Protein chains: 2
Amino acid sequence: MKRIMPICCLPFGCLIVTLCGCATPEKSAQDSGEWTIPLGSYSATRHSRLNQIDSKNVGKMRVAWTMSTGTLRGQEGQPLVVGKMMYFESSYPNFVYGIDLDNVGKIVWKFAPEQDKFSPSVACCDLVSRGVAYADGKILAATLDTHLYALDAKTGMVIWTALNGDPKLGQTMTGAPLVVHDKVIVGISGGEYGVRGHITAYDLNSGKQVWRAYSVGSDQDILFDAKTIDGATQQAVGKDSSLKTWEGDEWKLGGGTTWGWYTYDPQLNLVYYGTGNPGTWNPTQRPGDNKWSMTIMARNPDTGVAAWAYQMTPHDAWDYDGINESILTDSVVDGNTIPTLTHFDRNGFSYLLDRRSGKLLSAHKFDPSTNWATEIDLKTGRPVLNPDKMTKEDVNVKDICPAAQGAKNHQPASYDPRTKLFYVGTNHICMDYQAFGVKYKGGFPYVGAILSMFPADHGNARGRLIAYDSVTGQTKWTVDDMFQVYSGPLTTDGDVVFYGTLDGWFKAVDEATGKVLYQFHAPSGIIGNPITYMHDGKQYVAVLTGVGGWAAIGLAEGLTKGSDGLGAVGLTASLGDYTNLGGTLMVFSLE
Amino acid sequence: MKRIMPICCLPFGCLIVTLCGCATPEKSAQDSGEWTIPLGSYSATRHSRLNQIDSKNVGKMRVAWTMSTGTLRGQEGQPLVVGKMMYFESSYPNFVYGIDLDNVGKIVWKFAPEQDKFSPSVACCDLVSRGVAYADGKILAATLDTHLYALDAKTGMVIWTALNGDPKLGQTMTGAPLVVHDKVIVGISGGEYGVRGHITAYDLNSGKQVWRAYSVGSDQDILFDAKTIDGATQQAVGKDSSLKTWEGDEWKLGGGTTWGWYTYDPQLNLVYYGTGNPGTWNPTQRPGDNKWSMTIMARNPDTGVAAWAYQMTPHDAWDYDGINESILTDSVVDGNTIPTLTHFDRNGFSYLLDRRSGKLLSAHKFDPSTNWATEIDLKTGRPVLNPDKMTKEDVNVKDICPAAQGAKNHQPASYDPRTKLFYVGTNHICMDYQAFGVKYKGGFPYVGAILSMFPADHGNARGRLIAYDSVTGQTKWTVDDMFQVYSGPLTTDGDVVFYGTLDGWFKAVDEATGKVLYQFHAPSGIIGNPITYMHDGKQYVAVLTGVGGWAAIGLAEGLTKGSDGLGAVGLTASLGDYTNLGGTLMVFSLE
């Protein structure tokens, strides 16, 4: 396969050459008609320049072909398309497929990993996978039981395997790997089990661990050095920047798991990701800022060393697990075009950072119901808290917005460079939150809070698709949905936004207005992320359908009966009136 | 609901009136645009007079909507459509759904029975259901653990339940009920567990058992009386017609299970069905004709008493389990039009009987590879055996055709009264068969034979769709398929035959030629039976997809690896290259 791709990335620029069989997938595969990186490109814009399907003809779209994933649990990922092959990973037991696009439905290979049977019992939020990565003729796949596999993309044969965690301690893997240079970068899940999060780089060729960076702990563990910048203060973080924000040994159960998406800037040679909630959900039990939980991190992919770290929610008291993706675009700020990073956090604020330094440029409530903080102070980088919504042990704090499930969860947003707007699947939900003391026991939940979630505004719209300007914080249009929008939108040069709903509608809406142009009732609710690709001169849109995830955990675990008011389960207690479990790949095209 | 239906059926005629809320679904719902009986009508022709979708426009068909069944195992049934509602039953754990057709995807109710967890371990051939019945505002559903439920069709609430068997003894239920007058008629599965088969009638209003007729045993048990005719001889069967064809107590493990389809002639007031294999598959262990296994039965639905019985395969030595459906049509025989019954048996012969008396009119090999018998002697009604293919204990008899899975399995055929042809999904497979001695233990397999199945003619076509004349035995056209055709065809006045393939293609072929006019790659392989219905003036075609059943038992049980030559598993060892487990309702329409 011949591609144009960066091979040698220096601090502020990349050598671009044409070569074959390279390790790093190209940045613009989404524009060439392939989809070689989970979020389409290193920058995670989830925008494609394909325009054969457009706002005028999308109403004539139809289902071209389909394929069961062979599993029932939620499908949070997306397929990759590399050349004439499609690859995807199912929910647990994490089947991985190589499919011949020239021969519809032909399963060239299926990888069915033998897994530790214990891992499903410690997965907090359904048994999901967010997909595979591709590089250098290999498919990289993480399994729930914390194995990372490199598979031959042609045959599915295992080339190497690495063990990244221990399910007996509540560690699981649900995120998609990101390959940069010759490193396979993966995170760890288990934020509800006192798991101390880390990201780890494995050698693409051998599977050997190259580096590991924890989210909390000693400077040596977290790979911070003298030059690491605190994004909030724009000062060097100093010694023991994490340890000194914890009392006693609580940092050892410090959370900061890393189960979200990873992005990469080849010019800066920095990988970006978010860290999760700080261990127990009971904030009284862990005084301090709890750094570097709830943080956007920028790290060198070759060494793991942090360039900067910006903590969004110091001393989290709401489970605003900060793992959402950081989308890399250029933004015009004060008349200057600069390289920025946009992050829609669970806490209801969109953050616009200078991605060179982590400097906060703006922060806005993208969910207007957000009430735990009034604003983010641009000078200090810290939220201005609403004391009425601060939770503490043994107090039931009411009507906090957003709920722990977030104003947006992991579902990745899309950015269209033509409109300069973000298209975001959001939640519109609030909660009551009662923290309680909890003792750690390895492999058992370390949660320490009882929650009750409900729609914001005492309404019925638990979710909304929005078109949003992260510089100004203005929402151009909103499409309400009965349930949380838990599918990552896709935009294209055809002026269409594709996404799915929890109750099973796959939709194409007008990018200019949000008007529904096409909708199809899929076999199951959609928490996966549509992609688009070309095959034999024809544009296709593909999405993994299959309800589940935290949004539909009641349905996934069979807990819906009599569950009104019971955490995330009660929030979607009526979902079973609309959809069923079951994973299916759906592929659409024009006639 | 207002319908024209027979309410008072006398021996040779019916009083037809218009009335409301009647117990018996009308015969011609399939023509009016509903589909109220599992096989479309009492006569099981699976032909609809709908013609909006026809051979000229079917190429423009598309998927209208979809719904996951919420289960992974094989889907052998079909939906019903009554008024504005659709109903269907999934594979185990046997979810039953009521769906609002006015509100696509709205699950009005879902019935999730609590089941005996033991029953899946004794189901020989996947955890299937062949669907629900409808009558008098009730949905009748059988579950694998041998419960029969009457559910309120509006709400899904249980009106009554009846226990029809004991899974601990290997008894299960997979067949669809048939409602006649105020009787709900059901069979029992478990032919591989020494289960003595029976059919049972339950009162539609109370669920109380009204009568039970065993397939083998005393006259009292089998409900034979002095007037019961032996179809083969056209004489009264006489006393102890079953018992005297068995040695010792072997009849108690005598098989003759009743898991297939039931049909009904209102004029004759007779229900027709087939009985299965005689207990152990080792024929040496059970000398004699083993009556009334392998028999087409005609019984009075009100009393259960047998009018006649025609045994197709006396002393079965090949597991030619005779449960296939009996299709009721008129046929011109020797210049006279008479009421006939056509039965495509697993043993490779099509039987044409006078359905008033069970008299054999003709029998032809519909699978030309059939070699266990050279013909059926019309005078004696018995097969003329090929001694080379008679199996016996401890001898491996080679190249017997068809294989135990049959030249046709349970998948119901279609008959078009316009062409006077049957459209049949058939298998084209042979076997080696080695019987061995086996001891009975309740709840354990009582099989007594090791089989190896393979394609007939040493070819690759394991299945064929045929257009067939059961009077002359002539095949008008044949469409070869790589795998067994395990989906029941549907014909319509649009001159189209709809069916599915084991590797997941839903097809529409030209009724005149077999030419493929449309095909769609479904999420999973198809062993279900398409139906058609009208809704708001538009014709729809619906099919349950979801591979499994005996044909795909290797895939269903995860046994495909290294299984070449291993019974039914080896026969479809490559199926996993084409399709995946997963149940989905697929609904098609024109634009």
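Letters go in sequence order (proteins before strands), and every chain restarts at 1. The shown structure was predicted, so the numbers you read here are calculated from the model rather than taken from an experiment.
Residue A:D480 places its CG atom among more than 12 non-hydrogen atoms of other residues, nucleotides or ligands, all under 6.0 Å distant. No more than 12 heavy atoms of other residues, nucleotides or ligands lie within 6.0 Å of NZ in B:K515, so this atom counts as exposed by the packing criterion. Under a cut-off of 6.0 angstrom, the local environment of NZ in A:K60 is sparse, with at most 12 non-hydrogen atoms contributed by other residues, nucleotides or ligands.
Here the shortest heavy-atom pairing between A:T66 and B:H521 reads OG1-O, 2.6 Å.
By the 4.5 Å heavy-atom criterion applied to side chains, B:E591 and A:E591 are counted as neighbours. Side-chain contact between B:F520 and A:V63 is present, with heavy atoms from C-beta onward closer than 4.5 Å. The shortest side-chain heavy-atom distance between A:M67 and B:T579 does not fall under the 4.5 Å cut-off. The closest side-chain heavy-atom distance from A:W109 to B:D577 is not below 4.5 Å.
Proximity to chain B (any heavy atom under 4.5 Å) is restricted, for A:W505, to the side chain, taken from C-beta onward. Heavy atoms closer than 4.5 Å to chain B are found in both the backbone and the side chain of A:K106.
Highest contact tally toward chain A, considering only B:G546, B:A522, B:G583, is held by B:A522 [criterion: heavy-atom pairs under 4.5 Å]. Heavy-atom pairs under 4.5 Å with chain A were tallied for B:S524, B:G105, B:G582, B:A64; the largest tally goes to B:G105.
Counting only residues at least two apart or on different chains, no salt bridge (charged side-chain N to carboxylate O under 4.0 Å, His left out) pair has a member in residues 579-588 of chain A.
Considering only residues two or more places apart in sequence or on other chains, A:D126 meets the salt bridge (Lys or Arg N to Asp or Glu O under 4.0 Å) condition with A:R73.
Annotation: the span from A:N580 atom CG to B:S90 atom OG amounts to 8.5 Å, rounded to 0.5 Å. Here the CG-CZ distance, from B:L581 to A:F95, works out to 8.0 Å after rounding to the nearest 0.5 Å.
Among B:L585, B:T584, B:T545, B:T69, the single residue meeting the side-chain contact (heavy atoms from CB on, under 4.5 Å) criterion with A:P523 is B:T584.
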